[in-house]
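Report on the following structure.
Here the structure is a predicted model, which is why all the values come from computation and not from measurement.
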Amino acid sequence: MAIVKLKINGKSQELDIDPNTPLLWVLRDHLKLVGTKYGCGIAQCGACTVHLGGNAIRSCQIPVSTIGEEEITTIEGLSEKGDHPVQKAWLEHDIPQCGYCQAGQIMAAAALLQKNPSPSEEDIETAMNGNLCRCGTYLRIKAAIKTASQS
């Protein structure tokens, strides 16, 4: 065990944990930020996507010891009132079905739009590649990202 210092959703956190603990489990088990989901555990599905220094990353495979000073943003920290343009577009396009992948999808889309406010269809496909949706809402996800890019 060791003291690990993290900055999550704008707040400094100090945790006495095994430094090899994946970020996902720190978020869910230690900080009770359960919006970030466990999907596959091997960084292949995207359900655990969060932002690290503004970049979309898979939190299930990154040990907290490797994070350092980088700011972590989870779905809970994306917007206080759930009114981020991507979240609003998600509702407008009626994307959630089972909803399990949605936090990861939204975080990946928000990171894309932060870096590229006017993405092409190809940019969207590249950024969202690997974020799996068992319900198959991919066409609506693309449309929602386009809508959010116009906000």
Any pair with a residue in [range] that passes salt bridge (Lys or Arg N to Asp or Glu O under 4.0 Å), sequence neighbours left out, goes on the list, sorted by first then second residue, please.
| range | value |
| --- | --- |
| residues 61-78 | Lys7-Glu71 |
| residues 28-39 | none |
| residues 115-130 | Glu125-Lys142 |

Please go through Trp90's hydrophobic cluster and name the other residues, only I, L, V, M, F, W, Y counting, with side-chain heavy atoms under 4.5 Å joining them.
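Members besides Trp90, by chain and number: Ile75, Leu78, Val86, Ile95, Ile106, Met107, Leu112, Leu113, Ile124, Met128, Ile141, Ile145.
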Linking Ile, Leu, Val, Met, Phe, Trp and Tyr by side-chain heavy atoms under 4.5 Å, what else ends up with Leu15?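 Val4, Leu6, Ile8, Ile17, Leu23, Val26, Leu27, Leu31, Leu33, Val50, Leu52, Ile57, Ile62, Val64, Ile67, Ile72, all in the cluster of Leu15.
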| said: Please list all pairs meeting ring-ring contact (aromatic ring centres under 6.0 Å, His included) that have one or both residues in residues 32-66, counting only residues at least two apart or in different chains. | reply: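 Sorted pair list: Trp25-Tyr38.
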Quiz item: Partners of Ser79 by side chain to side chain donor-acceptor pair (under 3.5 Å), sequence neighbours excluded?
Solution: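 If we apply the side chain to side chain donor-acceptor pair (under 3.5 Å) test to Ser79, skipping adjacent residues, the hits are Gln87.
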task = Sequence neighbours left out, what passes side chain to side chain donor-acceptor pair (under 3.5 Å) with His93? Give chain and number order.
result =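 Checked His93 against side chain to side chain donor-acceptor pair (under 3.5 Å); matches are Thr147.
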Any idea which heavy atoms bring [X] and [Y] closest together, and the distance?
| X | Y | result |
| --- | --- | --- |
| Ala43 | Cys60 | N-SG, 3.2 Å |
| Cys98 | Cys135 | N-SG, 3.6 Å |
| Gly35 | Ala103 | O-CB, 3.3 Å |
| Pro85 | Ser151 | CB-CB, 3.9 Å |
| Arg58 | Cys45 | NH1-N, 3.8 Å |
| Gly46 | Asn131 | O-ND2, 3.5 Å |

>> I need the full list of side chain to side chain donor-acceptor pair (under 3.5 Å) pairs touching residues 8-19, with sequence neighbours left out, sorted by first then second residue.
In response: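 Those involving residues 8-19 are Asn9-Thr74.
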| Excluding sequence neighbours, so at least two apart, what forms salt bridge (charged side-chain N to carboxylate O under 4.0 Å, His left out) with Glu92? |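 Glu92 satisfies salt bridge (charged side-chain N to carboxylate O under 4.0 Å, His left out) with no other residue.
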**Asked** With distance as the sole test, does Ser59 use its side chain to make a donor-acceptor pair with the main-chain N or O of Cys48 at under 3.5 Å?
**Response**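 Checking the backbone N and O of Cys48 against the side chain of Ser59, a donor-acceptor pair under 3.5 Å is found.
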- prompt: Would the number of heavy atoms belonging to other residues, nucleotides or ligands and lying under 6.0 Å from CD of Gln150 be above 12?
  reply: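 It does: Gln150 CD has more than 12 such atoms within range.
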task: Please say whether more than 12 non-hydrogen atoms of neighbouring residues, nucleotides or ligands are located less than 6.0 Å from CD1 in Ile3.
output: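 Above 12, so yes.
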Test side chain to side chain contact (heavy atoms under 4.5 Å, CB included) applied to Pro63 - qualifying residues, sequence neighbours left out: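 Side chain to side chain contact (heavy atoms under 4.5 Å, CB included) list for Pro63, sorted by chain: Ser65, Thr66.
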If the condition is ring-ring contact (aromatic ring centres under 6.0 Å, His included), which residues does Tyr138 pass it with, not counting sequence neighbours?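 Tyr138: no ring-ring contact (aromatic ring centres under 6.0 Å, His included) contacts found.
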- Gap separating the NZ atom of Lys146 from the OG atom of Ser118, nearest 0.5 angstrom: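 Interatomic distance, Lys146 NZ to Ser118 OG, rounded to 0.5 Å: 7.5 Å.
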